[in-house]
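As a basis for the values below, the full set of heavy atoms in this structure was taken, side chains included, without hydrogen atoms, waters or symmetry mates. Not measured: the values here are computed from a predicted model.
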Protein chains: 2
Amino acid sequence: MSRPTTPRAIEPRKAPSHARSGATVAAILEAAARILERAGLNAFNTNAVAALAGVSVGSLYQYFPNKQALLAALVAREAEDIHATVATVADTATTLPLAAGLRRIVAAAIARQTRRRDLARILDFVEAGLPALPETQRAGAALLGAVSSFLARHAASLPTHDIATAAADCVLVARALIDGATERGPIDPTMLEDRVVRTLLGYLAPNATRSSRRAVGTL
Amino acid sequence: MSRPTTPRAIEPRKAPSHARSGATVAAILEAAARILERAGLNAFNTNAVAALAGVSVGSLYQYFPNKQALLAALVAREAEDIHATVATVADTATTLPLAAGLRRIVAAAIARQTRRRDLARILDFVEAGLPALPETQRAGAALLGAVSSFLARHAASLPTHDIATAAADCVLVARALIDGATERGPIDPTMLEDRVVRTLLGYLAPNATRSSRRAVGTL
DNA sequence: ACCTGAACACCGTTCAAGT
DNA sequence: ACCTGAACACCGTTCAAGT
């Protein structure tokens, strides 16, 4: 885990073009996920991953140039999955009022984070310390896009016209609250949902008290 | 860096009781901080730290049982510093209106995070993957306490009576926004201040739109 | 083409020996 | 009491040899 100082090659070494190597890559990724959630980042080493996947280390290094690249691939898989989930829900939510739509999206995000809870948490952590793979960046941008178009639907009732910034802030804030809550142990999804939605609505609410607004403006 | 699976002794091995060993510990900690900010977590190894501190590895291990404990001690130092800063500011802010007080506190937090920017960011990251030292926990609790008492001053205009939760959420949200912003490169402190304060005020605002509230309540 | 695993290098940690 | 640094163990990564 690290903020890379010397940027390193992190791209997968090759796309698995044949069925055999495709299966190998899938086996390696799933073994990596299992070790992460079962034993944590400390016990995550390439020898253990290769052993659990039933291949040799050399074989692992044929597809992933180093340990970071393997972790990055897991992060990318997760990011794409999250994007797909949220995009679908955001799509079905466009016709709902702001609060109801937000609630659906937040619920989906919480469900996603709760499913393979330990894995999701570790991957969130890993992601923060790794240069992003193109796939991850694309999935992140697409997620922002999905949230943006949802918010754009309600632009009239929002106090800002900078939908992109609002979407980015919403995602940051929601992630912080959800990660923060799940880190403290098992959670009540509905209560967490309430808290997150309330925070986002607060952020998006057009009418903070006049005195507060004025005070902010003039400080 | 890791979420510990087998909890490890992380306490400093001994309190530096004499002037000489106190100086050694201080030298080690400062060397560790310099390596972190100059070369990142990747290049952070105990041999390099000992060399830069001008002591032998063995000497380092006399005071810190392992690498994690050394990192944890740095995190604790930072947490105590942040608490002291925020507590002081929160204290002078109690007589101000909500928005103005929040702005002062947020400004202090941003200044703190900007000072040794790389170090602060890395330590935030490290903290997320480490069991907290008692000092860190105490500093965290004290920071929450300081924010809580500030908020309590304005309890009348807040929509919740759960000040503790509100304070925790505010800290989480502020950290997420500040860290998120600083990670994207140098920032305009005033603009960031605006964004964070606006978000917190939104969260704390007593009057979200009626329709939003109702929708949330009935979903 | 893809796989194997012994070998090498690097770094965390220890411990016998020094002052 | 505190320090030293060679030595050991573990794990990331490579590469010559196999199929």
On DNA chain D, does the nearest nucleotide to B/G54 precede the nearest nucleotide to B/N47 from the 5' side, or the other way round? Give the residue. B/G54
Salt bridge (charged side-chain N to carboxylate O under 4.0 Å, His left out) between A/E78 and A/R112: does it pass, once the steps are laid out? CA-CA 10 Å; A/E78 185 83 352; A/R112 191 71 201 57; 3.5 Å; yes
Atom NZ of A/K67 to atom C1' of C/dA9: distance rounded to whole Å? 16 Å
Would you write the dot-bracket representation of DNA chain C, where each base gets (, ), [, ], | or . depending on whether it forms a Watson-Crick or G-U pair under 3.5 Å and with which partner? ||.|||||...|||||.||
Using a 4.0 Å heavy-atom cut-off, does B/N45 contact any base of the nucleic acid, only the sugar-phosphate backbone, or nothing at all? sugar-phosphate
Apply salt bridge (charged side-chain N to carboxylate O under 4.0 Å, His left out) to B/R115 and B/E37, showing your working. CA-CA 12 Å; B/R115 189 146 7 191; B/E37 64 188 345; over 6 Å; no
Taken to the nearest whole Å, CG/B/N42 to P/C/dC10 is 15 Å
D/dG12 phosphate, OP1 or OP2, under 4.0 Å from A/N66 side-chain N/O: no
Counting side-chain heavy atoms from CB outward, which of D/dC3, C/dC3, C/dT14 is closest to B/Y61? C/dT14
So, do B/N42 and A/Q68 sit near enough that their side-chain heavy atoms are less than 4.5 Å apart? yes
Euclidean distance, atom CG of residue A/L60 to atom C1' of C/dG5 [Å, nearest integer]: 14 Å
Is there a side-chain contact between B/S56 and the phosphate of D/dG5, meaning an N or O under 4.0 Å from OP1 or OP2? no
Between B/A48 and A/V55, who's closer to the 5' end of DNA chain C by nearest nucleotide? A/V55
Whole angstroms only, please: what is the CD-C1' distance between A/Q68 and D/dC11? 15 Å
In whole angstrom, give the distance that lies between atom CD1 of B/I28 and atom C1' of D/dT4. 13 Å
Closest approach of B/R103 and B/V197, non-hydrogen atoms and distance? CA-CG2, 3.7 Å
Side-chain heavy atoms of A/R77 within contact of A/D81, under 4.5 Å: no
Please tell me which of the listed nucleotides, C/dT4, C/dC11, D/dT4, lies nearest to the side chain of B/S59? D/dT4
Counting side-chain heavy atoms from C-beta on, which of D/dT14, D/dA6, D/dC11 comes nearest to B/V57? D/dA6
Quick one: B/I35 CD1 to C/dC11 P, roughly how many Å, whole number? 11 Å
Rounded to the nearest Å, what distance is computed from the CG atom of residue A/L70 to the C1' atom of nucleotide D/dC11? 14 Å
On a heavy-atom basis, the closest approach of B/Y203 and A/R198 is OH-NH2, 3.5 Å
Once you round it to whole Å, what is the distance between C1' of D/dG12 and OH of A/Y63? 20 Å
So does B/T46 get a side-chain nitrogen or oxygen closer than 4.0 Å to the phosphate oxygens (OP1/OP2) of C/dT13? no
After noting the C-alpha distance and the side-chain angles of B/H154 and B/F150, does the key distance pass the side-chain contact (heavy atoms from CB on, under 4.5 Å) rule? CA-CA 7 Å; B/H154 301 277; B/F150 170 73; 3.9 Å; yes
